[in-house]
Amino acid sequence: MVFRSHMDIALTEARAAAARGEVPVGAVITQDGAIIAQAGNRTRELNDPTAHAEMLAIRAACAALGQERLTGCDLYVTLEPCPMCAAAISNARIARLYYAAADPKSGGVAQGPRIFTHPQCHHRPDVYDGISATAAEQLLRDFFAAKR
């Protein structure tokens, strides 16, 4: 199978989140290259601190497949997952994580607690970072600049 990034769709979800006043983060989950779920942040809209793009996409993908594990699935997300989302990615057994921008303040993969390196982590996905990082970083910069 030839690799095809779905980060462009995750960026579209991030732009839609920004338009709703949410922090612009988008996520896409694929299985065998086909999209099975996509989402953008909705924490404010849903009054739910767990409604991160990754969490919403994981929930939708599990519902679509009728199972709690996403073995063999790929997750594309525009920002490095936070510790909560990294733990959910591990628990869902997602095979590969592709993310765009690093998150030095709240990241949980390459920054901060580095969830996948802990001995208590039962599953470690393959991690690929920096995919479309410039576009994701600019979207975040523009969003927060407009808030100041």
Side-chain angles (χ1 to χ4, degrees), residues 1-46 48-65 69-117 121 123-148:
M1 182 168 86
V2 176
F3 173 75
R4 177 180 181 273
S5 175
H6 294 276
M7 195 62 75
D8 55 336
I9 298 166
L11 283 164
T12 298
E13 288 287 342
R15 288 183 198 98
R20 293 189 301 271
E22 303 277 358
V23 174
V25 178
V28 174
I29 296 180
T30 65
Q31 183 180 52
D32 299 325
I35 295 171
I36 57 172
Q38 60 192 72
N41 275 359
R42 291 185 182 274
T43 59
R44 289 175 172 247
E45 176 186 339
L46 300 176
D48 179 356
T50 70
H52 291 193
E54 303 96 317
M55 299 295 282
L56 296 173
I58 288 169
R59 290 175 189 148
C62 288
L65 297 177
R69 299 273 168 91
L70 299 174
T71 307
C73 291
D74 298 341
L75 170 62
Y76 297 82
V77 62
T78 59
L79 183 63
E80 176 184 353
C82 72
M84 173 186 67
C85 292
I89 290 164
S90 176
N91 288 331
R93 306 299 197 264
I94 290 174
R96 286 163 294 281
L97 166 64
Y98 301 91
Y99 69 87
D103 189 352
K105 181 180 175 188
S106 301
V109 176
Q111 319 286 326
R114 296 182 173 103
I115 297 299
F116 302 138
T117 65
C121 183
H123 170 76
R124 294 162 182 82
D126 296 331
V127 177
Y128 305 90
D129 63 352
I131 299 169
S132 301
T134 303
E137 290 163 356
Q138 189 62 53
L139 185 58
L140 287 159
R141 268 194 302 276
D142 292 348
F143 178 80
F144 286 112
K147 295 285 183 193
R148 294 185 187 110

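What you are looking at is a predicted structure, and each value in this text was computed from that prediction instead of being measured. Starting from 1, each residue takes its place in the sequence as its number.
Across every non-hydrogen atom of Ala57 and Ala39, the tightest pair is N-CB, 3.8 Å. Between Arg59 and Asp48, the shortest heavy-atom contact is NH1-OD2, 4.2 Å. The heavy-atom pair separating Gln111 from Asp103 by the smallest distance is CG-O, 3.3 Å. Contact between His52 and Thr43 at its shortest, heavy atoms only, is CD2-CG2, 3.7 Å. Among all heavy-atom pairs drawn from Ala88 and Met55, the shortest one is CB-SD, 3.4 Å. Pairing each heavy atom of Ala37 with each of Ala61, the nearest pair is CB-N, 3.6 Å.
Once rounded to the nearest 0.5 Å, the distance linking CG of Leu97 with CG of Asp129 reads 9.0 Å. Note that OH of Tyr128 is 13.0 Å distant from CE of Met7, once rounded to the nearest 0.5 Å. Summarising the geometry, atom CD1 belonging to Ile29 is positioned 7.0 Å from atom SG belonging to Cys62; distances are rounded to the nearest 0.5 Å. Asn91 CG to Arg69 CZ: the interatomic distance, rounded to the nearest 0.5 Å, is 8.0 Å. Rounded to the nearest 0.5 Å, atoms SG (Cys121) and CZ (Arg114) are 14.0 Å apart. Atom OH of Tyr98 is separated from atom OG of Ser5 by 8.5 Å, given to the nearest 0.5 angstrom.
Salt bridge status for Arg20 with Glu45: present, with a side-chain N to carboxylate O gap under 4.0 Å.
Without hydrogens or angle criteria, Asp126 side chain to Arg96 main chain gives no donor-acceptor distance under 3.5 Å. No donor-acceptor pair closer than 3.5 Å links the side chain of Glu54 to the backbone N or O of Ala27. Counting only distance, with no hydrogens or angles, the side chain of His123 and the backbone of Ile94 share a donor-acceptor pair below 3.5 Å. Using a distance-only test at 3.5 Å, with no hydrogens or angles considered, no donor-acceptor pair links the side chain of Gln31 to the main chain of Ile36. Using modelled atom types, one side-chain atom of Glu80 and one backbone atom of Val109 make a donor-acceptor pair closer than 3.5 Å. Side-chain N or O atoms of Thr12 include one that pairs as donor or acceptor with a backbone N or O of Asp8 at under 3.5 Å. Checking side-chain atoms of Thr78 against main-chain N and O of Ala136 turns up no donor-acceptor pair under 3.5 Å. Without hydrogens or angle criteria, Arg148 side chain to Ala146 main chain gives no donor-acceptor distance under 3.5 Å.
In this structure, Leu79 and Leu140 have side chains that are in contact, with non-hydrogen atoms separated by less than 4.5 Å. Between Ser132 and Leu11, some side-chain heavy-atom pair lies under the 4.5 Å cut-off.
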### Task
Could you check Leu70 against Arg93 for side-chain contact (heavy atoms from CB on, under 4.5 Å), going step by step and ending with a plain yes or no?
CA-CA 6 Å; Leu70 299 174; Arg93 306 299 197 264; over 6 Å; no
### Task
Using the side-chain contact (heavy atoms from CB on, under 4.5 Å) rule, take Cys73 and Leu65 through it: C-alpha gap first, then chi angles, then the decisive distance, then the call.
CA-CA 11 Å; Cys73 291; Leu65 297 177; 4.2 Å; yes
### Task
Determine, step by step, whether Tyr99 and Leu75 satisfy the side-chain contact (heavy atoms from CB on, under 4.5 Å) criterion, reporting the C-alpha distance in whole Å, the side-chain angles of both residues, the deciding distance to 0.1 Å, and the verdict.
CA-CA 8 Å; Tyr99 69 87; Leu75 170 62; over 6 Å; no
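In this pair, Tyr76 and His6 present their aromatic rings perpendicular. The plane angle is above 60°, beyond the 30 to 60° band.
Other residues, nucleotides and ligands place more than 12 heavy atoms under 6.0 Å from the CZ atom of Arg124.
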